[in-house]
Asker: 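Sharing a structure below in structure tokens format, with a few things to ask.
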Amino acid sequence: MNKGGNSRKRPPPPSSHQPSPALKHQATTPTPPPPSTEEDFVDEDVFFDETLMGEEDVESLILRDFEERQALASRLSKWARPPLSDAYISQSRSIVFQQLEIDYVIGESHKNLLPDSSCQAAIIRIFGVTGEGHSVCCLVHGFEPYFYISCPPGMGPDDISHFHQTLEGRMKEMNRNSKVPKFVRRIELVQKRSIMYYQQQKSQPFLKIVVALPTMVATCRGILDRGIQIDGLGMKSFITYESNVLFALRFMIDCNIVGGNWIEIPAGKYKKTAKNMSYCQLEFDCLYSDLISHAPEGEFSKMAPFRILSFDIECAGRKGHFPEPSQDPVIQVANLVTLQGEDQPFIRNVMTLKSCSPIVGVDVMSFDTEKEVLLAWREFIREVDPDIIIGYNICKFDLPYLIERAQTLGIAEFPILGRIRNSRVRVKDTTFSSRQYGTRESKEVTVEGRVQFDLLQAMQRDYKLSSYSLNSVSAHFLSEQKEDVHHSIISDLQNGNAETRRRLAVYCLKGIGEGILLWASNPSLVEVYLLSEDAYLPQRLLDKLMYVYNYVEMARVTGVPISFLLSRGQSIKVLSQLLRKSKQKNLVIPNVKQAGSEQGTFEGATVLEAKAGFYEKPIATLDFASLYPSIMMAYNLCYCTLVTPEDVRKLNLPPECVNRTPSGETFVKPELQKGILPEILEELLAARKRAKADLKEAKDPLEKAVLDGRQLALKVSANSVYGFTGATVGQLPCLEISSSVTSYGRQMIEHTKKLVEDKFTVLGGYEHNAEVIYGDTDSVMVQFGVSDVEAAMNLGREAAEHISGTFTKPIKLEFEKVYYPYLLISKKRYAGLFWTNPQKFDKMDTKGIETVRRDNCLLVKNLVTECLHKILIDRDIPGAVQYVKNTISDLLMNRMDLSLLVITKGLTKTGDDYEVKAAHVELAERMRKISVVVAFF
DNA sequence: TCTAACTCCTAC
DNA sequence: TTAGGTAGGAGTTAGA
């Protein structure tokens, strides 16, 4: 029952032939509209469902339904977007908006804009927000899908025409059912060059094959891959170029659009759509050639006032069961809407099943049936029209749950949550598998025109944490933790009274539901069950971690749509940059066949032998800055500078024009051909330098946030270029490049070690002989023999400067820090106090040891941390030994808090009990090993 | 009891 | 139709 519905005045009854009126955006009068729109049709369903409840109730149900919808409508309408000004309505001004999402649909091409074509075509849809906060759906016409093949030598215009006919015929065979009049629209002869290998000629003839619809690119590629009959040449198969570029990305690249940038369509160049297909305030058609894409700089680096919805649902699960949409009702939906750039939400509400006592500052909307709750939420989404939807685990839980629940309840009209009229949200199971992120099953929920940002996914990608429950993530980042609601009492609270449901609503809005963390011996089996999520904390996390800025900047730097950043891997970002740069240089990128595993793997970096020990003299650390990017720049390593072994023999290139890498590959120097990868890297690193300089100058916290997000994105982006070339199952692997990079790296670390030990000697006039005690990939740890930190720092700086001079620019060795004292256990395992100024140490730094690993129980972690503290900071080794002994003794005497033992092999938390399987024996064994570390001394 | 092959997680 | 890389320590498991 509506909280505001206590005035039960009857509206004029609707005429008997018309269904109950739809909820309109600006509901002011109760006059029912004609039953012609989709919304009215939808309401007819509602009418039918409820008639099943009993004939005599029908009229009162209609009336009540009508009245409540009116009340809801007036409640929701105050949250609508700002109304359009006259200039927009008269179409006398240009439309400038920040784009957040781009996709495409197949439709009739626009007759006025494209008078020549009258068939089905891809229509690009750009969704975004203007500076004033108006929502935009821009329908772009005239952009066609295409790809390239290299043109067989001697092919003239007639041959191309024949080839076109043959290809068209094969396409027809493959698509017998399709009514498309023409599959291959045209074939153009163009001058391009493949990005692969150094070539002396500037360009060669290529054929640009333009097809009718985006999906035909793959079909056509298949035909050309397998081979096609060509007059005079016989059966011939082709390598295709850029045939794997997603259509929307192709469009963005060709129009110079990067993720999240501003787009302008001048007045007169757009036409209001005849029949709105979206719920956006501004919807119009235009030609792709009329778009102006603004680079994200200056005034166009700002953010539009997006509407960000954070939501969370609560379900009444049966005792001991995880809620299932086929059985368990949705009892609450909590919502929070914030304008981008503001620190407080402008909407806070909660929709509850059954009555709920008021909550200060929150709009409580109560309903008698679950169906009303769901439909109210749908209306809310439509009215508020959020650009970004966030939440915790919404992609895998909340959104699919709502949709499946609506299916169970037979509410066919519920899943129209996107910006496209009549278009239902689709749920698809997906799996994402990579070495970096592991295999993760999720669900893909397409909400057209709105960006989804699941904070859980973002956390799992960006941070290594031992638990990803909202509770523990909040504790980690926000230093606040809310009281848990145990899952078993959710149903009790719901089944109580208005007051207990209020308690539940407060939890739903602000608190955190119970998260049961099951740690199995195999951490990949770890499952986090979050029975109730939360609407408030995701928004706080989003703000605290500056996710909007960081992700928009990442999209701008790499050029991919924002949605790719959470749904796709690293390599698409590099590919996007590579395609953009290649286009500028008139180069095209081949589709390499999946080479299988025969290419195998390549040798990586050198890890210097660790001279294990406890060092009580300062250890200076020298690091190469951005090692792999700088190697690629210094030696011009790229696809287009690599000389094939055959060409090395044939071309007879003078030795001063090429570099031969330690792994035996040959690359030409920039004078002959400047590499694209080095150029991308130079731009990224130069941009990062600028961003960091601007960051220093910036006063405004928002500007700072943008700049910091940018410099971070630029760094991450530069570092992933090398990985892209070595990804054998990627888009364009080139192990010649990656193995050359690592081979230079290996040479450099050895060279550095030798130089330090040769120069800093007593014979060379220094006080002591320097010794390199360890080094990994891009760093060397040096004991100069001096005993004070400042002296070690000075020698470190001197060494870095001296050694940098011996390398090709921009390779640079830097002095970074001193460890004092330093405990080196083995390769990749060490601890020490970290000094960047000689007055005081910055922190205790530990690498690779139990303290930083997530596969030990808390006891081990705490014990080792405590020992290291005693050894490094207190310098009390006997104390550390005693501490270990006491702990083992406590353990054996069964005096240990069992919760410290969770997460260890053989120990599982089941409910409130710990199942202890021979734990004491096992842990005593573990402790013995740790005491070995202490016995070091 | 030893070892090879595997898993897991980390360093870079 | 979608996925950055290798090195390496520590633990587990299977088999002899």
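As the structure is a computational prediction, the values presented were derived from the model and not from experiment. Convention: sequence-line order gives letters A, B, ...; per-chain numbering from 1.
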Asker: Assess the side chains of A:Q570 and A:Y437: does a donor N or O sit below 3.5 Å from an acceptor N or O?
Answerer: yes
Asker: Please identify which of these residues, A:M174, A:M171, A:R221, meets the side-chain contact (heavy atoms from CB on, under 4.5 Å) condition with A:M216.
Answerer: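 Going through A:M174, A:M171, A:R221 one by one, the side-chain contact (heavy atoms from CB on, under 4.5 Å) with A:M216 is satisfied by A:M171 alone.
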Asker: Could you state the CD-P distance from A:E441 to C:dA3, rounded to the nearest angstrom?
Answerer: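 From A:E441 CD to C:dA3 P: 17 Å.
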Asker: C:dG11 P sits how many Å from A:R853 CZ, rounded?
Answerer: 9 Å
Asker: Students often get this wrong, so: under 4.0 angstrom with heavy atoms, is A:Y830 touching a base, only sugar-phosphate, or nothing?
Answerer: sugar-phosphate
Asker: Heavy atoms from C-beta onward define the side chain here; which of C:dG9, B:dT10, B:dC12 lies closest to that of A:T777?
Answerer: B:dC12
Asker: Counting side-chain heavy atoms from CB outward, which of B:dA11, C:dG9, C:dG5 is closest to A:K828?
Answerer: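 Nearest to the side chain of A:K828 among the choices is B:dA11.
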Asker: Rounded to whole Å, please give me the gap between CG in A:L677 and P in C:dG4.
Answerer: 17 Å
Asker: Whole Å only: how far is the CG atom of A:L465 from the C1' atom of B:dT10?
Answerer: 15 Å
Asker: With a non-hydrogen cut-off below 4.0 angstrom, is A:S826 in contact with a base, only sugar-phosphate, or nothing?
Answerer: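 Counting heavy atoms under 4.0 Å across all strands, the contact made by A:S826 is with sugar-phosphate only.
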Asker: Decide if the gap between the ring center of A:F807 and the ring center of A:F624 is smaller than 6.0 angstrom.
Answerer: yes
Asker: In this structure, how many angstroms lie between the P atom of B:dA11 and the CZ atom of A:F834, rounded?
Answerer: 14 Å
Asker: In whole angstrom, what separates A:I572's CD1 from C:dT1's C1'?
Answerer: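 Spelled out: CD1 on A:I572 to C1' on C:dT1 is 11 Å.
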Asker: How is A:V852 classified with respect to the nucleic acid when contacts are heavy atoms under 4.0 Å: base, sugar-phosphate, or nothing?
Answerer: sugar-phosphate
Asker: Which part of the nucleic acid does A:S738 contact within heavy-atom distance under 4.0 Å: base, sugar-phosphate only, or nothing?
Answerer: nothing
Asker: Measure from CD1 on A:I849 to P on B:dA11 and round the result to the nearest Å.
Answerer: 9 Å
Asker: Nearest to the side chain of A:K827 - C:dG8, B:dC12, C:dG4?
Answerer: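 For the A:K827 side chain, the nearest candidate turns out to be C:dG8.
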Asker: Look at the side chain of A:E603 and decide which nucleotide, out of C:dG9, C:dA7, C:dA3, has an atom nearest to it.
Answerer: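 Nearest listed nucleotide: C:dA7.
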Asker: On the 0 to 90° scale, with breaks at 30° and 60°, tag the A:Y830-A:Y822 ring pair as parallel, tilted or perpendicular.
Answerer: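 Aromatic pair A:Y830/A:Y822 classed tilted.
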Asker: Judged by each residue's nearest nucleotide on DNA chain C, which is more toward the 5′ side, A:G723 or A:V607?
Answerer: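 Between the two, 5'-proximity favours A:G723.
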Asker: Closest to the A:R829 side chain: C:dA10, C:dG5, B:dA11?
Answerer: C:dA10
Asker: Tell me what A:G604 touches on the nucleic acid: a base, only sugar-phosphate, or nothing, going by heavy atoms under 4.0 Å.
Answerer: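 It contacts sugar-phosphate atoms only.
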Asker: Please give, in whole Å, the distance from B:dC9 P to A:K861 NZ?
Answerer: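 Going from A:K861 (NZ) to B:dC9 (P), I get 13 Å.
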Asker: Of all the nucleotides listed (C:dA10, C:dT2, B:dC12), which has the minimum atom distance to the side chain of A:R568?
Answerer: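 Closest nucleotide among those given: C:dT2.
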Asker: Is A:E242 salt-bridged to A:R250, going by a charged N under 4.0 Å from an acidic O?
Answerer: yes
Asker: Which nucleotide sits closest to the side chain of A:R221: C:dT6, C:dT1, B:dC9?
Answerer: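 The closest nucleotide is C:dT1.
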Asker: In whole angstrom, give me the gap between the C1' atoms of C:dG4 and B:dC12.
Answerer: 14 Å
Asker: Out of C:dT6, B:dA11, C:dA10, which has the shortest distance to the side chain of A:K847?
Answerer: B:dA11
Asker: What contact category does A:Y437 fall into here, base, sugar-phosphate, or nothing, at under 4.0 angstrom with non-hydrogen atoms?
Answerer: nothing
Asker: Taking A:E750 first and then A:R746, would you say they form a salt bridge - that is, a charged N and a carboxylate O separated by under 4.0 Å?
Answerer: no
Asker: Can you figure out which of C:dA3, B:dC12, C:dG8 approaches the side chain of A:D778 most closely?
Answerer: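 For the A:D778 side chain, the nearest candidate turns out to be B:dC12.
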